[in-house]
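For reference, the structure is listed below as structure tokens.
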Number of protein chains: 2
Amino acid sequence: MARIVMKFGGTSMAGIERIRAVARRVKREVDAGNQVAVIVSAMAGDTDRLVNFCREASSLYDPREYDVVVSSGEQVTSGLLAIALQAAGVKARSWMGWQLPIHTDDAFAKARIEDIDTAALDASLTAGEVAVIPGFQGLADNGRVTTLGRGGSDTSAVAMAAAMKADRCDIYTDVDGVYTTDPRIVPRARKLKQVTYEEMLELASVGAKVLQTRSVGLAMKENVRVQVLSSFTGDDAPMADTLPGTMIVGEEEIDEMERQLITGIAHDKNEAKITLTNVSDTPGSVAAIFAPLAAANINVDMIIQNIAHQSAGRAGSTDVTFTVPAVDLARSIQALNDAKDKIGFEELVHDTRVAKISVVGVGMKSHAGVASTMFTTLGQRGINIQAISTSEIKVSVLIHEDETELAVRVLHTAYGLDADEAA
Amino acid sequence: MARIVMKFGGTSMAGIERIRAVARRVKREVDAGNQVAVIVSAMAGDTDRLVNFCREASSLYDPREYDVVVSSGEQVTSGLLAIALQAAGVKARSWMGWQLPIHTDDAFAKARIEDIDTAALDASLTAGEVAVIPGFQGLADNGRVTTLGRGGSDTSAVAMAAAMKADRCDIYTDVDGVYTTDPRIVPRARKLKQVTYEEMLELASVGAKVLQTRSVGLAMKENVRVQVLSSFTGDDAPMADTLPGTMIVGEEEIDEMERQLITGIAHDKNEAKITLTNVSDTPGSVAAIFAPLAAANINVDMIIQNIAHQSAGRAGSTDVTFTVPAVDLARSIQALNDAKDKIGFEELVHDTRVAKISVVGVGMKSHAGVASTMFTTLGQRGINIQAISTSEIKVSVLIHEDETELAVRVLHTAYGLDADEAA
């Protein structure tokens, strides 16, 4: 007997036929003797419909009322899945966020789960009832409904797994696991059996959109074993406890056999590069650049400051290059131009035709030479590196976006990640 | 300053433009200094969509889960109306049924309101906030969501008006009031300024579908002044406190000027007539007819027993005729045939081509001759009366359905109800 959380996304809940297929998948776990809580998303498209209603009603909508409106999508699917489970002969009931309750802070429309009451839930699970719980929603201290922000159902699932001390949190999604890189670019990408939380965070934040980033951070903090696996296989799919997907676990849990220097290669085309030319090379000038961006809540990622070029008779000046999310480019230009006098730059040059390529792996903590291999491999193919950033388990470079696929392929081979056969 | 409840149906909530029009209507009441609670229905069509989901998921759905699913429609519109009110500069917030809460019994999918907590609501209204409350929903003692059955939002509105001691409960609907009869049949039908609860119950139950019957009964019990008025007039419509619709009140409140012998004429084509021939005229034989119908939860309305015809040498026999709702006809035939031996009838004859015509008015309590006028008027036009039933304030006859319009028109004239000009 295990206690597990199963989470199904909007595509899996899109229509009664699919909900019935989910019910059969849940029934297999129940028949295997497991206690199961299911976290459901709204039907695909439903949340967008509800969000659009709110926006149409007022561009400055009250987030407390927005939460009332958009939380209804998951309410519908949780009731329907409970009905479908009962029709399949499985004891089941739905629990709204306010019924358990799932306590959150009062940051309406982007709330964080603080605590989940599991007393009633435990009794129900122990009595053999499947609990169907809407993702994405909770209850603030003032008794009003909250939502966790888009993609919040992954976080609901992980938080529920932590609260009910589940053995596993299975996230059913439209991919069948986490790959060494994007299989559309590298057909020989391999599905990973295991990946650490830290690696998953780096892979997610640079473009591998399998799990909501916040849910991975929470899984790491709460030490929840998360499995990503496919919701689109038939009733003869392997049981989830045979681990057919990718397990996301702590570093200490990784099998020695599975350990590799590099776990995966991610790419991200959603960055924009900004260069400010001839910034005066005096104390405080760099701070003057980033203060207005921080004030505008814009995340700056890679930063390079060129070597100052000195001319006789005046202070040195330097070019400063950095990246921001492409969606924030216009606001960034505005903020920087507004502060032009204070910063004292000559020209602002920007470029959205860039891509960030990252090699990720906990193995690099104890191995030198990872970055060097990356630079050499790209150099041999004539790929120009525009910026570099590193963390303990990641090396990222900025290149021209036209070279994305080439870079990912040559790096995938260089780090020995290619499978014997195409996926 | 008055305290009022305003209730808007699904057509008024169908889309953001209409919700904005409702917000303007509410704002006019707020600007006039009133405290306002608004009861809303789901968007037109939305409840049907949700009910169909449940039916598709299982023909034997759990009503507790059905209530979770279908109550979401009103949740959406209450959040949206709160947003639209705020956008119009009106302080407003939504209150779900479980938040107030609106306590009901645990008859899921057809619950009855038992009690409404108004402490938090009172504070909010007194602080000048409009309360937006989803109709049709409540909370059972076990903490689960209930719904009141189709059309329950009228009942929600009346119950809320009673609980918050409102001066008036204004029901905005797609007609502008209650008429002396169906204006599609009689263009000279007059809008009634006032009608008593009892009359409204008779008019509603025989086909004037302006208000849900249960809500009228509740208004009578709780002595709530209910006004029916149109939601489809522009921003220059008269204010509701000038009573432009029809007020439903206790008999003692009816203006002397407004008192009439007959208030209205209703028709109902949803009955079916059943005749059992040659039922043996012995004690208990009639009971044997109606027991199986009662057991099948079928409401029998008009009953006539013909005079027994006696033949030499055997017990008398008689024909028994009665009406049932047309939707229950098949089940009625089944139940009667199953009990044929016990009842002892010869033949079962049925006819759905009948109509029930009723003249309604509290005035007839103190006036004789109402029924006589009805029979004479119909007889002069050659309209055959197949059955008769009466109550203190109503006389109903069953006729061939082809003669419905003719009967309604001649009776409307005979009782002096025609307006000077067509409506």
Side-chain angles (χ1 to χ4, degrees), chain A residues 13 15-20 22-23 42-43 46 49-50 52-89 91-96 98-101 120 132 134 139 142-145, chain B residues 13 15-20 22-23 42-43 46 49-50 52-89 91-96 98-101 120 132 134 139 142-145:
Chain A
M13 304 306 289
I16 300 298
E17 267 320 307
R18 292 200 179 163
I19 290 175
R20 256 197 275 272
V22 167
M43 292 190 185
D46 211 28
R49 180 178 68 90
L50 296 165
N52 286 337
F53 277 146
C54 293
R55 289 191 179 144
E56 215 188 315
S58 171
S59 52
L60 291 167
Y61 50 74
D62 180 344
R64 294 168 299 189
E65 302 299 345
Y66 166 95
D67 285 352
V68 167
V69 174
V70 299
S71 64
S72 68
E74 285 75 11
Q75 177 172 335
V76 169
T77 48
S78 52
L80 291 175
L81 180 56
I83 291 173
L85 282 166
Q86 293 177 1
K91 286 204 291 179
R93 70 155 284 188
S94 64
W95 297 88
M96 299 302 100
W98 57 267
Q99 283 172 326
L100 286 169
V132 185
L139 184 70
N142 66 359
R144 300 195 68 174
V145 172
Chain B
M13 303 306 288
I16 302 298
E17 266 320 308
R18 291 199 179 164
I19 290 176
R20 255 197 276 273
V22 167
M43 292 189 187
D46 212 28
R49 180 179 68 91
L50 296 165
N52 286 338
F53 277 145
C54 293
R55 290 191 179 144
E56 216 188 314
S58 171
S59 52
L60 291 166
Y61 52 74
D62 180 344
R64 294 167 300 187
E65 302 299 345
Y66 166 95
D67 284 352
V68 167
V69 174
V70 300
S71 64
S72 68
E74 284 75 12
Q75 176 171 336
V76 168
T77 47
S78 52
L80 291 175
L81 179 57
I83 291 174
L85 281 166
Q86 293 176 0
K91 287 204 290 177
R93 70 154 284 187
S94 64
W95 298 87
M96 299 302 99
W98 56 266
Q99 283 173 326
L100 285 169
V132 185
L139 184 71
N142 65 0
R144 301 196 69 174
V145 171

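Throughout, a chain's letter reflects where its sequence line sits, starting with A, and its residues are numbered from 1.
Here A:Ala57 is the residue among A:Ser58, A:Gly73, A:Ala87, A:Ala57 with the most heavy-atom pairs under 4.5 Å with chain B. The candidate with the highest count of non-hydrogen atom pairs below 4.5 Å against chain A, out of B:Ser71, B:Ala88, B:Gly79, is B:Gly79. Contact count versus chain A (heavy atoms, under 4.5 Å) is highest, among B:Ser94, B:Ser78, B:Gly143, B:Ala23, for B:Ser94.
In terms of heavy-atom proximity, B:Ser72 sits nearest to A:Ser72 at CB-CB, 4.0 Å. Nearest heavy-atom pair, A:Glu65 versus B:Arg93, reported as atom, atom and distance to 0.1 Å: OE2-CA, 3.3 Å. In this structure, A:Gln75 and B:Val68 approach most closely via the heavy-atom pair NE2-O, 2.8 Å. The two atoms that bring A:Ile83 and B:Tyr66 nearest to each other are CD1-N, 4.1 Å, heavy atoms only. Contact detail for A:Arg49 and B:Arg49: the closest heavy-atom pair is NH2-NH2, 3.2 Å.
Looking at B:Leu85, there are no atoms closer than 4.5 Å to chain A (heavy atoms on both sides), in backbone or side chain. Neither the backbone nor the side chain of B:Val132 comes within less than 4.5 Å of any heavy atom in chain A. Contact of A:Val145 with chain B is made through backbone and side chain together, with heavy-atom distances under 4.5 Å. Proximity to chain A (any heavy atom under 4.5 Å) is restricted, for B:Gln99, to the side chain, taken from C-beta onward. Contacts between B:Leu80 and chain A at a heavy-atom distance below 4.5 Å involve backbone atoms as well as side-chain atoms.
Taking CD1 of A:Ile16 as the reference point, atom CZ of B:Arg55 lies at 13.0 Å (rounded to 0.5 Å).
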- prompt: What's the verdict on side-chain contact (heavy atoms from CB on, under 4.5 Å) for B:Phe53 and A:Met43, showing C-alpha distance, side-chain angles and the deciding distance?
  reply: CA-CA 12 Å; B:Phe53 277 145; A:Met43 292 190 185; 3.6 Å; yes
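Under the side chain to side chain donor-acceptor pair (under 3.5 Å) criterion, A:Asp62 pairs with A:Arg64, B:Gln86, not counting sequence neighbours. Partners of A:Trp98 under the ring pair (Phe, Tyr, Trp, His ring centres under 6.0 Å) rule, at least two apart in sequence or in another chain, are B:Trp98.
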